[in-house]
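Since the structure is predicted, the reported quantities are computational estimates derived from the model, not experimental observations.
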Amino acid sequence: MNKNLKKLLPLVQKPARYTGGELNSVMKDKEKIDIRYAFCFPDSYEIGMSHLGIKILYSLVNAREDAWCERVFAPWPDMEEKMREHDIALFALESGDPIKDFDMIGFTVQYELCYTNIINMIDLAGLPLYSKDRTALTPLIVAGGPSVCNAEPIADFVDLCMPGEGEEITNELIDLLKIHKKKGSTKQEFLREAAKLDGIYVPSLYDVSYNDDGTVKAIEAKDGAPATVKKRVVGDLDNVFYPEKLIVPFIEVVHDRVTHEIFRGCIRGCRFCQAGFLYRPIREKSPETISCQCEHLIKTSGYDEVSLSSLSSSDYTQLETLLDKLLEWTVPQKVNIALPSLRVDNFRKDLIEKLTSVRRSGLTFAPEAGSQRMRDVINKNVTEEEIMSTSLKAFEGGWTAVKLYFMLGLPTETDEDIKEIAALARRVVDVFYAMPERPKGKTVAVNCSVSTFVPKPFTPFQWEPQLSREQILARQELLKTTNTNRKVQISFHEMHVSFLEAVFARGDRRLSKVIETAWRNGCKFDGWDEYFNFDAWMKAFAECGLDPEFYANRTRSYDEVLPWDHMDYGISKKFLIRESEKAKQAQTTAHCREQCAGCGADKLNGGECDARCKNLVF
């Protein structure tokens with residue numbers, strides 16, 4: 001470790017964020033490897049160390065003898081201040097070496113509000129912000145994660161993106177870089193070859209032109225790049241790489257447990273949910289594989305909780321079999337099982353009993369909308385009867401508090417729909433007090449978390465506007481005044497954050513200058529309330545001559561060229577338009593196991609989708 005760095009650690013909060021050396025972290029002899037990979041999470045250590053993707057890819061690269069992957073997190077502002085004061089460049093945790101000396105610097109982009117952290121980390125590394133100014137072959141700056149489905153706002157900063165799943169393409173990219181390092185290739189020679197790999201997007205190989213009204217006119221590939229870039233998909237989850245060990249942090253992180261992915265994709269088709277479309281087609285991992293991998297990870301980490309991760313865990317087709325297998329060893333070892341992402345329409349009493357075998361976890365459900373009409377608009381396919389039935393099962397099972405997620409500002413929403421959020425929460429309270437054998441001396445709490453709708457690419461609502469900030473504020477006030485029950489607590493997500501999220505979710509390359517300007521105005525850690533500076537962002541838009549409302553609050557026509565139209569995530573535009581029109585009529589679409597809607601995602605996996613109705617042909 002750098003001697004100057006050692007002197008700084010006693011002067012900052014949580015110095016263990018920066019020391020490395022945790023159980024199961026990987027050390028290698030850098031003289032014996034060909035490729036050094038700095039895996040960067042553009043947020044705090046506690047957030048990054050909770051993310052499953054970084055754990056998988058860290059172990060994947062380190063399983064190679066010729067490569068070494070090290071972790072890098074965004075230093076907290078107190079640490080950054082000391083680093084800049086003492087001229088310490090951004091470094092990797094394992095070796096303590098500056099990442100500017102690595103071959104690849106990879107960012108996982110989970111959220112649009114991390115963009116200023118990405119360029120802040122590039123600057124802290126001592127590298128030019130823009131790809132065009134980094135002329136050497138290495139270090140390459142690459143990006144992956146869900147937000148690169150529309151990477152245009154950061155396209156000028158990164159050298160290439162990896163849309164889709166990284167387990168296979170990461171190794172292919174490392175193999176290609178090894179070849180070009182030995183050949184002494186230029187950066188442009190390498191990028192042209194990388195663009196030929198399935199699942200690689202090189203922004204510099206695409207020219208974007210604009211119409212007079214500011215909309216995108218055309219996106220044109222050049223130098224042999226494909227006209228459209230297909231996301232990468234892993235076909236067989238049972239045989240795909242999975243870590244044998246997890247790094248155990250010295251300090252508590254947000255999700256301090258073993259997290260295991262049980263399937264990818266979602267059968268439901270909620271029209272606002274980007275993840276539900278991006279991660280298609282549906283692929284399940286077998287109960288035997290999950291149980292074996294979880295038990296091994298518990299033994300090698302010492303954790304006492306396993307969280308079964310997916311977009312809708314109760315839709316896993318072999319859930320009962322899986323829980324039985326897990327309980328065979330979790331109960332004797334006093335290991336808790338957490339099952340997040342449960343739906344109200346398939347929450348069973350026997351499931352409750354199994355999940356509370358060791359200890360009780362919190363219960364969270366997402367009706368998303370208060371009225372049945374709005375739930376039909378968004379294709380939630382959940383009835384009030386199911387919500388009340390599930391609440392009763394939870395209360396009978398011993399819970400006295402539930403959390404409900406709702407959204408405000410959804411397409412076609414009216415004031416009556418807003419009022420129904422409070423009314424629905426009150427009726428959940430009534431279910432508790434109507435129980436004949438209600439536990440004496442106990443009270444109930446219903447906590448409603450209300451976020452603002454953000455239109456996202458590759459959803460049926462990608463053409464819809466976000467409400468203006470004034471409209472959002474008015475509807476928040478309406479909901480607060482409508483709620484008259486003290487057992488119901490309502491909290492709101494910061495609307496200005498949601499506004500910027502909408503701007504960048506549907507943004508184009510011109511926003512790179514705004515991101516840089518906002519960063520120079522002091523913006524970073526924008527997802528954290530204590531650091532979010534909306535005025536600085538608005539100043540940056542003004543300085544760059546761009547109107548953020550053009551991106552967030554404008555309805556887009558079906559024939560408009562969208563900034564992400566050259567990306568292929570397997571979901572056909574015809575399908576999205578069909579779903580958009582059905583939403584306007586409050587018509588629902590059956591989930592994938594009832595009837596295949598022909599979204600097109602199965603084509604990315606050789607015609608295979610675990611949710612597809614096999615007797616239907618599209």
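Lys55 pairs by the salt bridge (Lys or Arg N to Asp or Glu O under 4.0 Å) definition with nothing, not counting sequence neighbours. Tyr58 meets the side-chain hydrogen bond (donor to acceptor under 3.5 Å, both in side chains) test with Glu94; sequence neighbours excluded. Applying the side-chain contact (heavy atoms from CB on, under 4.5 Å) criterion to Ser147, with sequence neighbours excluded, gives Val109, Glu112, Tyr115. Checked against side-chain contact (heavy atoms from CB on, under 4.5 Å), Lys28 has the following partners two or more places apart in sequence or in another chain: Val26, Ile33, Asn62, Trp68. For Lys245, there are no side-chain hydrogen bond (donor to acceptor under 3.5 Å, both in side chains) partners at least two apart in sequence or on another chain. The side-chain contact (heavy atoms from CB on, under 4.5 Å) check on Ser451 picks up Met407, His493, with sequence neighbours excluded. Annotation: salt bridge (Lys or Arg N to Asp or Glu O under 4.0 Å) contacts of Asp66 (sequence neighbours excluded): Arg64, Lys178. Partners of Tyr569 under the side-chain hydrogen bond (donor to acceptor under 3.5 Å, both in side chains) rule, at least two apart in sequence or in another chain, do not exist in this structure. With sequence neighbours excluded, the residues that form a side-chain hydrogen bond (donor to acceptor under 3.5 Å, both in side chains) with Glu386 are Thr383. With sequence neighbours left out, Lys7 forms a salt bridge (Lys or Arg N to Asp or Glu O under 4.0 Å) with no residue at all. Residues satisfying the side-chain contact (heavy atoms from CB on, under 4.5 Å) criterion with Glu288, sequence neighbours excluded, are Ser286, Lys325.
Side-chain contact between Tyr316 and Glu284 is present, with at least one heavy-atom pair separated by less than 4.5 Å. A 4.5 Å side-chain heavy-atom check between Arg264 and Arg280 finds every atom pair outside the cut-off. Two residues are said to be in side-chain contact when any heavy atoms from C-beta on lie closer than 4.5 Å; Glu167 and Tyr242 fail this criterion. Side-chain contact between Met79 and Met83 is present, with heavy atoms from C-beta onward closer than 4.5 Å. In this structure, Leu93 and Thr19 have side chains that are not in contact, with every pair of non-hydrogen atoms separated by 4.5 Å or more.
A donor-acceptor pair shorter than 3.5 Å cannot be found between the side chains of Asn120 and Asn117. A donor-acceptor pair shorter than 3.5 Å cannot be found between the side chains of Ser449 and Lys403. Side-chain polar atoms of Thr300 and Glu244 form no donor-acceptor pair below 3.5 angstrom. Thr317 and Arg593 form no side-chain donor-acceptor contact under 3.5 Å, judged by distance and modelled atom types alone.
Annotation: cation-pi geometry satisfied between Arg36 and Phe102 (NZ/CZ under 6.0 angstrom from ring centroid, within 45° of ring axis).
Residue Tyr37 forms a side-chain contact (heavy atoms from CB on, under 4.5 Å) with just one option from Leu173, Thr170, Ile105, and that option is Thr170.
Counting heavy-atom neighbours within 6.0 Å of Glu437 CD, excluding the residue itself, gives a total of 12 or less.
At distances below 3.5 Å, at least one donor-acceptor pair connects side-chain atoms of Gln274 with backbone N or O atoms of Pro457. Remark: side-chain polar atoms of Lys380 are not paired, donor with acceptor, to backbone N or O of Arg271 under 3.5 angstrom. Between the side chain of Thr259 and the backbone N or O of Ser50, no donor-acceptor pair lies under 3.5 Å.
Residue pairs meeting the salt bridge (charged side-chain N to carboxylate O under 4.0 Å, His left out) criterion with at least one member in residues 140-150, sequence neighbours excluded, do not occur.
In this structure, Phe395 has its ring center under 6.0 Å from that of Phe432. You'll find the ring centres of Trp76 and Tyr531 inside the 6.0 Å limit.
Ring planes of Tyr45 and Phe73: perpendicular class, angle over 60° (limits at 30 and 60°).
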